[in-house]
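Read the structure below first, then the notes.
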Amino acid sequence: MAEARYDPTRIEPKWQAVWAKERTWEVRNEDVEPDRKSYVLEMLPYPSGEPHIGHLKVYSVGDANAHFLRRRGRQVLHPMGYDAFGLPAENHAIRTGVHPRESTDSSIAAFQRQMRSWGISIDWTREFGTHEPRYYRWTQWIFLELYERGLAYRKEAAVKWCPNDQTVLANEQVIDGHCERCGHGVEVRQLEQWFFRITDYADRLLDDLDAIAWPEHVKTMQRNWIGRSEGAEVTFSCGSLGVDYPVFTTRPDTLFGATFFVIAPEHPDVMRLAAGTGQEDEVLSYVNHALTESAEERGSAEAPKTGVFLGRTVTNPVNGEEIPMYVADYVLMEYGTGAIMAVPGHDARDFAFAEAHDLPIRRVVSSPQGEELPYPGDGPLVGSHPDFDGLHNREALDRIVEWLDREGRGHATVSYRLRDWLLSRQRYWGCPIPVVHCERCGVVPVPRAELPVELPDVSDYAPRGRSPLAAAEDWVNTTCPECAGPARRETDTMDTFVDSSWYFLRYCDAQNDEAAWDPAVLDRWMNVDQYIGGVEHAILHLMYARFFCKALADSGLQGAEEPFAALFTQGMVLGPDSQKMSKSRGNVVSPAPYVERFGADTARTYICFMGPPDQDAAWSDESVEGVHRFLARLHRLALDVAELSDDAAPAAPEGADLALLRKAHWAIEKVTQDLDGRFAFNTAIAAIMELVNDSYRLREDAGPGARRFAAATAASLVFPFAPHLGSEAYERLTGARVWEEPWPEADPALLEADSYELVCQVNGKVRDRVQVPSDAPREELEELARAAPRIAALLAGASVRKAIVVPGRLVNFVV
RNA sequence: GCGGCGGUGGCGAAACCGGUAAACGCGACGGCCUCAAAAGCCGUUGUCCGCAAGGGCUUGCGGGUUCGAGUCCCGCCCGCCGCACCA
């Protein structure tokens with residue numbers, strides 16, 4: 001055995017230097033052939049400190065995919081950038097006074113250094129940070145495009161406010177009533193804010209999910225988030241006040257069971273309704289209490305159903321009945337119309353409220369199994385109206401809606417859970433919103449030629465309920481582009497999700513200083529063929545990016561309706577204790593020390609081997625060493641075999657040569673199938689391990705030609721996971737550069753053996769195994785199985801009722 | 001509560017279409033090499049009974065379909081993730 005040690009610290013920098021010098025992974029837009037392109041993209045990192053183990057995982061997974069596709073003849077676009085605006089850098093600045101740009105840039109430098117040491121095959125000519133003016137200039141440009149189409153708008157709204165971060169939050173950034181960033185309880189405030197009209201796209205965002213190859217659970221989460229409900233809007237009138245109140249219901253079939261009516265505490269008419277009824281004081285104190293409650297206190301379905309009588313009634317449009325009006329916090333202002341008809345017989349919440357307030361409960365749908373009320377299921381209508389009683393409720397539903405429509409008291413409609421995207425933030429470290437406020441002209445967009453509106457430097461980053469930018473007086477005071485009079489710049493910045501909603505478009509044409517992109521160039525690369533990232537972005541980022549693409553497609557600015565044709569969500573790397581990594585648990589594993597000690601190839605291959613990449617998996621130091629052992633074994637094998645005579649693989653192999661060549665072709669076939677869209681990296685690597693094991697096992701008996709082919713094949717197959725070692729070993733064995741070689745193809749003749757082991761069962765239990773010729777017909781297989789010694793013994797005094805023959809697998813005798 | 005995913009050796013896992021359960025790796029045990037150790041190489045390793053030959057049992061639990069079920073169907077239990085007073 002050769003004695004040269006496997007030394008990644010020598011091998012890895014050597015090949016990285018070759019790739020950098022030769023610009024191996026760069027692709028030129030001019031050279032792209034549309035039917036050969038593959039756009040492989042991992043979610044861009046948020047640069048904070050050093051890269052962590054999760055980054056190593058996404059980029060190892062993505063790089064394996066990129067390498068495989070290149071060697072299958074694809075022109076692969078595989079770029080990298082940084083999602084560089086955001087709160088952590090700003091909070092750091094508030095603590096330390098260090099400019100967020102400075103800490104962000106030093107983190108980016110750490111990412112660049114480490115990702116290069118990992119040998120990831122990136123086209124670095126397309127790199128950018130979203131905080132660079134040459135990028136956010138175009139973020140602002142897109143904002144103006146959307147503004148002019150009415151898709152970006154300003155309105156005062158009840159918004160979620162984080163008192164700790166002193167900023168508003170998007171609905172999506174509120175988790176269980178708490179700020180996604182800092183965990184502080186969220187309050188509701190009335191503020192004027194900027195929104196994107198994503199709700200206009202609700203149906204398309206929903207329908208187009210069917211056309212993309214995404215994991216089912218991600219699609220489900222998006223569907224739930226959009227929350228489309230079909231139902232009807234029905235008008236109840238308050239005669240004493242002369243006002244109509246529409247409600248949304250998914251169950252117009254239960255209208256005859258409505259025994260009271262409820263509006264949300266935030267409803268603008270609450271006090272007007274209570275006025276003069278003697279209920280004012282009670283209502284006022286209830287509303288005040290409800291509005292100061294935290295989202296969490298108010299949020300739970302288990303919370304007791306509180307509420308107060310408003311002193312008035314409304315008329316049920318289907319039967320003219322006067323039913324009492326209540327204000328109660330279980331009704332939400334932001335969904336539907338902020339008012340509901342309450343049907344306690346068939347809705348659990350209304351039932352709870354009715355019981356607590358002693359209101360009538362009426363059954364209008366009979367339950368086939370005799371279930372008690374509240375009964376939310378289907379069944380024939382009862383106690384409603386002679387025209388509808390006896391009809392199945394789903395049919396009655398349609399008929400009732402038709403009737404309402406004819407009478408002008410309601411109509412079929414659709415309601416969504418999805419809200420418009422609140423994009424303004426009262427924070428410093430973000431992309432400035434490119435508008436000015438003029439006393440005379442109102443909101444005026446900054447002319448395109450004046451973009452970017454650059455983020456000015458300030459000395460105090462702490463938010464004080466307004467953006468820190470407001471303190472930059474020289475910057476804020478400007479002139480109106482329309483009337484040239486005095487104007488003030490918008491001081492809010494954009495949510496960082498805006499920056500990351502289009503970065504994949506910019507990669508296609510990253511050097512373009514004349515436009516955000518050349519549409520012809522975008523047409524060549526888009527859409528992203530394979531997107532890779534964590535499930536934590538299943539809703540926010542992935543929904544926003546889809547919305548942007550659709551909105552930009554509608555403006556004719558680009559052609560991709562869907563940004564990401566296929567999505568792969570990788571699982572988390574857990575700590576050695578199988579717990580989520582966290583500083584407080586002290587179980588954080590950093591990539592750098594492992595890369596230093598074992599090499600990037602070992603770290604990358606281990607990460608791909610530790611389990612199916614879409615599942616969570618715990619880090620294990622022992623297993624890392626096992627993978628390192630495997631790579632060292634392959635390295636040693638290559639050195640040994642390289643010293644043998646330079647024979648070609650035998651054309652008519654026999655014995656050990658045949659066995660080894662078969663194993664090599666089996667491995668080619670297995671790895672190819674595992675990598676081809678399956679991301680089954682763990683089993684692909686296992687197959688290469690088997691090939692290496694057999695190469696050792698047969699090293700005394702197989703000839704140099706077969707041994708060289710087997711070793712070179714192992715090097716070639718391992719390349720997507722361990723590119724440096726793959727290149728090194730392959731070069732030693734063949735003199736060629738593995739990344740310039742096409743992906744190997746299995747020879748079908750060597751995939752078939754001329755005999756196989758036939759399993760012989762009696763009553764479904766394996767009793768014997770015999771070697772049989774591959775081409776044996778069924779009758780012969782049955783005879784051979786009968787003749788197997790242990791089978792013959794068992795069948796001896798028994799009568800065979802049936803024999804099942806599965807060629808290629810088994811024979812089963814039923815006795 | 002609703003939706004999704006999962007439960008297989010001591011551990012990470014494999015079994016892609018209903019056809020040999022446990023590939024590959026870790027760990028453990030044994031052997032070779034060595035003055036010795038490390039490294040390396042070669043074995044054994046689901047579990048129970050048995051000296052062995054061999055046999056029984058085994059994919060969270062209980063049923064079912066089938067010649068045959070980890071895989072399909074029905075009913076449970078447990079874990080993780082998402083949503084959750086959305087009318």
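Below, read A as the first sequence line, B as the second, and so on, with proteins coming before strands; counting in each chain starts at 1. Every value quoted in this text rests on a predicted model; they were computed, and no experiment measured them.
Among the atoms of the strands shown, none is found under 4.0 Å from any heavy atom of A:Arg228. At a threshold of 4.0 angstrom between heavy atoms, the contacts of A:Glu216 with the nucleic acid are absent. Using a 4.0 Å heavy-atom distance criterion, A:Lys580 is classed as making no nucleic acid contact. Within the 4.0 angstrom heavy-atom criterion, only backbone atoms of the sugar-phosphate kind lie near A:Asn682; the bases stay farther away. Among the protein residues, A:Gly227 comes within range of no part of the nucleic acid, since none of its heavy atoms lies under 4.0 Å from any strand. Here A:Ser229 lies in heavy-atom contact (under 4.0 Å) with sugar-phosphate atoms only. If you check every strand for non-hydrogen atoms under 4.0 Å, A:Ser620 touches nothing.
Listed pair A:Arg223 / B:rC2 fails the phosphate criterion, with no side-chain N or O lying under 4.0 Å from OP1 or OP2. Distances shorter than 4.0 Å separate none of the side-chain N or O atoms of A:Asn763 from OP1 or OP2 on B:rG68. Distances shorter than 4.0 Å separate none of the side-chain N or O atoms of A:Arg417 from OP1 or OP2 on B:rG82. Look at A:Arg633 and you'll find a side-chain N or O under 4.0 angstrom from OP1 or OP2 of B:rC42. Applying the 4.0 Å criterion to OP1 and OP2 of B:rA13, one finds that A:Gln615 has a side-chain N or O inside that range. Proximity of A:Arg629 to the phosphate of B:rG27: a side-chain N or O atom is located under 4.0 Å from OP1 or OP2.
The P atoms of B:rC48 and B:rU34 are separated by 38 Å, rounded to the nearest whole Å. Annotation: B:rG10 and B:rU45 have their P atoms spaced 15 Å apart (nearest Å). Rounded to the nearest Å, the gap between the C1' atom of B:rG6 and that of B:rG70 is 13 Å. B:rC29 and B:rU8: their C1' atoms are spaced 24 Å apart (whole Å). Taking atom P on both B:rA69 and B:rC51, the two are 32 Å apart, rounded to the nearest angstrom.
For A:Arg769, counting side-chain heavy atoms from C-beta on, the closest listed nucleotide (B:rU20, B:rG25, B:rA14) is B:rU20. The side chain of A:Tyr696 lies closest to B:rC42, out of B:rA13, B:rC42, B:rG4. Comparing B:rA23, B:rG43, B:rG3 against the side chain of A:Glu690 picks out B:rA23 as the nearest. Of the candidates B:rG56, B:rA87, B:rG25, B:rG25 carries the atom nearest the A:Asn693 side chain, counting heavy atoms from C-beta on. Distance from the side chain of A:Arg636 is smallest to B:rC41 among B:rC85, B:rA13, B:rC41. Listed nucleotides B:rC57, B:rG82, B:rC24 differ in distance to A:Phe609; the shortest reach to its side chain belongs to B:rC24. Across B:rC83, B:rU20, B:rG25, the shortest atom-to-atom separation from the side chain of A:Trp225 is found for B:rC83. When the nucleotides B:rA14, B:rC16, B:rU20 are ranked by their closest atom to the side chain of A:Pro612, B:rA14 comes out on top. If you check B:rC85, B:rA14, B:rA87 against the side chain of A:Val331, the one that comes closest is B:rA87. Ranking B:rG82, B:rG3, B:rG25 by closeness to the A:Met689 side chain, first place goes to B:rG25.
A centroid separation of 6.0 Å or more is found between the aromatic rings of A:His635 and A:Phe630.
Judged purely by atom type and a 3.5 angstrom limit, A:Lys57 has no side-chain atom pairing as donor or acceptor with the backbone of A:Val573. A donor-acceptor pair is defined here as one N or O able to donate and one able to accept, closer than 3.5 Å; such a pair exists between the side chain of A:His346 and the backbone of A:Val364. Between the side chain of A:Asn812 and the backbone N or O of A:Gly764 there is at least one donor-acceptor pair closer than 3.5 Å.
Here the P atom of nucleotide B:rC83 and the CE atom of A:Met221 are 8 Å apart, to the nearest Å. Put simply, CD on A:Gln570 is 19 Å from P on B:rC5, counting in whole angstrom units. Note: CG (A:Asp621) to C1' (B:rG25) measures 15 Å, nearest angstrom.
Side-chain to base pairing of A:Arg801 with B:rC67: no donor and acceptor N or O lie closer than 3.5 Å to each other.
Cation-pi geometry between A:Arg633 and A:Tyr696 is met: the NZ or CZ atom falls under 6.0 Å from the ring centre, inside 45° of the normal. The side-chain tip of A:Arg546 points at the ring of A:Trp214 from less than 6.0 angstrom away and within 45° of straight on.
Using cut-offs of 30° and 60° on the angle between ring planes, the pair A:His267 and A:Tyr245 is perpendicular. Ring orientation note: the planes of A:Phe353 and A:Phe260 are close to parallel, at an angle under 30° on the 30°/60° scale.
Contact annotation: the side chain of A:Met543 approaches that of A:Leu205 to within less than 4.5 Å [non-hydrogen atoms, C-beta and beyond].
Note that CD of A:Gln615 is 8.5 Å distant from CG of A:Asn682, once rounded to the nearest 0.5 Å.
For the strand RNA chain B, secondary-structure stems (runs of at least three Watson-Crick or G-U pairs, all distances below 3.5 Å) span B:1-7 with B:77-83, B:10-12 with B:24-26, B:27-32 with B:40-45, B:46-49 with B:54-57, B:60-64 with B:72-76.
The shortest heavy-atom contact between A:Thr306 and A:Ala328 is O-CB, 3.2 Å.
Within residues 803-815 of chain A, the residues approached by RNA chain B to less than 4.0 Å at the level of any non-hydrogen atom are A:Ile804, A:Val806, A:Arg809, A:Leu810, A:Asn812, A:Val814, in residue-number order.
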